[in-house]
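Following: one structure in structure tokens, then a few remarks.
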Amino acid sequence: MTPRDGEELFELSMWGGAVERRYRQLRPEVERLPWADFDISKATPEAIRAARSTWTEAAFQEHRTGAACAATLQALISARAPIDLVAMASRFALDEMVHVELCARLAQLFGGGAPLSYDPKHLIALPDAALSPKLQASELVIRNFCVGEALSIPILRGSWHAARQPLIKAILGRIVKDEAAHGAFGWLYFDWALDFHDEADRLHLAKQAARTIDAVVERWKLIPIIDDEKDEQRLGWMESRSYLDLARRSLQQAVFKPLLERGIDPRPHLTASLDA
Ligand SMILES: [Fe+2]
Ligand SMILES: [Fe+2]
């Protein structure tokens, strides 16, 4: 696959030596995962091909989320968010790098990452620099945490429940553990930030949440519905119909409900249809 202008192939590396040892000390649980417990001898070649691209795409999404967490952290510091709240958010980028490694190593075990090219200059969307620091921080938190992370947690938990292969289950379990704190963060942040925002700010935040939800719903359309999907063909993801049902329910429960409770209503600004 040749990347288009401005795009690069999504390829990753580890530096190794003392740097890797420091990293392993920070997150020793990575090496404790059952890496040797990986047998895909019963998987069909199609299932293995699908797993390579699913786990490469997962590594890429974790990589993007790492950038989103880092951008949010910078905005929180600029907004002079409480030190303890900022400190809490400072570990998220590291968590995401761990998730990148886990997904990429899994793709490697399936025979190597699938080719994926992307534009590194437009990895994530940033708020308008003319907005106040607090509104920029709130925009990033609402998009990346109150929608992105809050929605991915129930889905990851569902995939963890559905996973049969021990290594895949352990990897998903590790990710689910870290993500629980990420999902709660957005709501904690707004307990602090909400009073700083007037009606106009809340409208801006509602529109930003709607934009993010639209993008998520667009991605659901790309999920192929397979009627007789067999367990052994799913190497770390849920059956497509259960996935979409859970995703729609989670959008209502984990995103709309808490946003509405905080006086932020993205529903009038959505362009995507939420109907099944
Ligand atoms: Fe993650
Ligand atoms: Fe996360």
Side-chain angles (χ1 to χ4, degrees), residues 10 12 14 23 26-33 51 53-76 81 85-108 113 116 118 123-126 137-163 167-190 208-209 212-213 215-216 219 236-238 243 246-247 250-251 253-255 258-259:
F10 180 58
L12 300 163
M14 292 280 281
Y23 165 56
L26 285 171
R27 300 301 295 263
E29 64 274 22
V30 173
E31 288 300 273
R32 284 193 213 121
L33 289 168
S53 73
T54 298
W55 288 101
T56 306
E57 176 66 27
F60 178 66
Q61 291 306 335
E62 297 286 358
H63 185 76
R64 283 190 61 206
T65 311
C69 287
T72 309
L73 180 63
Q74 187 180 354
L76 290 170
L85 195 65
V86 176
M88 204 179 155
S90 70
R91 76 152 239 223
F92 296 159
L94 170 61
D95 291 344
E96 301 303 350
M97 287 304 106
V98 170
H99 304 168
V100 171
E101 188 200 352
L102 297 179
C103 297
R105 268 172 85 167
L106 200 46
Q108 212 61 41
L116 190 158
Y118 74 111
L123 194 54
I124 52 162
L126 292 171
S138 292
E139 179 183 323
L140 284 166
V141 171
I142 209 160
R143 287 197 337 233
N144 299 328
F145 289 86
C146 299
V147 178
E149 297 279 31
L151 197 51
S152 72
I153 290 158
I155 294 169
L156 277 163
R157 207 178 293 128
S159 306
W160 170 68
H161 273 296
L167 176 61
I168 296 177
K169 197 170 185 79
I171 286 176
L172 285 166
R174 181 64 250 166
I175 295 177
V176 164
K177 235 179 229 163
D178 293 337
E179 296 296 355
H182 303 197
F185 179 77
W187 311 116
L188 267 179
Y189 167 84
F190 275 106
Q208 291 301 321
T212 314
I213 294 166
V216 171
R219 281 207 300 275
W237 54 91
M238 293 168 69
Y243 177 96
L246 176 63
S250 305
L251 183 58
Q253 285 303 313
V255 179
L259 281 178

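Atoms within a ligand are numbered from 1 in the order they appear, just like the ligands themselves. All heavy atoms count here, side chains included; hydrogens, waters and symmetry mates do not.
- Few gaps surround CD on Glu29; more than 12 heavy atoms of other groups in view lie less than 6.0 Å from it.
- Distances shorter than 2.8 Å separate the Fe ion (ligand 1) from the protein N/O/S atoms Glu62 OE1, Glu96 OE1, His99 ND1, Glu179 OE2.
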Tabulate below the donor-acceptor pairs under 3.5 Å that side-chain atoms of residues 145-153 make, not counting sequence neighbours, or state none.
unit_1 : atom_1 : unit_2 : atom_2 : d
Glu149 : OE2    : His182 : ND1    : 3.2
Ser152 : OG     : Glu149 : O      : 3.2

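- Between Leu102 and Leu106, every side-chain heavy-atom pair lies at or beyond the 4.5 Å cut-off.
- Between Ser138 and Tyr189, the side chains place a donor N or O and an acceptor N or O closer than 3.5 Å (distance only, hydrogens not considered).
- For Glu139, the salt bridge (Lys or Arg N to Asp or Glu O under 4.0 Å) test picks out Arg143, with sequence neighbours left out.
- Residues satisfying the side-chain hydrogen bond (donor to acceptor under 3.5 Å, both in side chains) criterion with Glu101, sequence neighbours excluded, are Tyr23, Arg24, Arg105.
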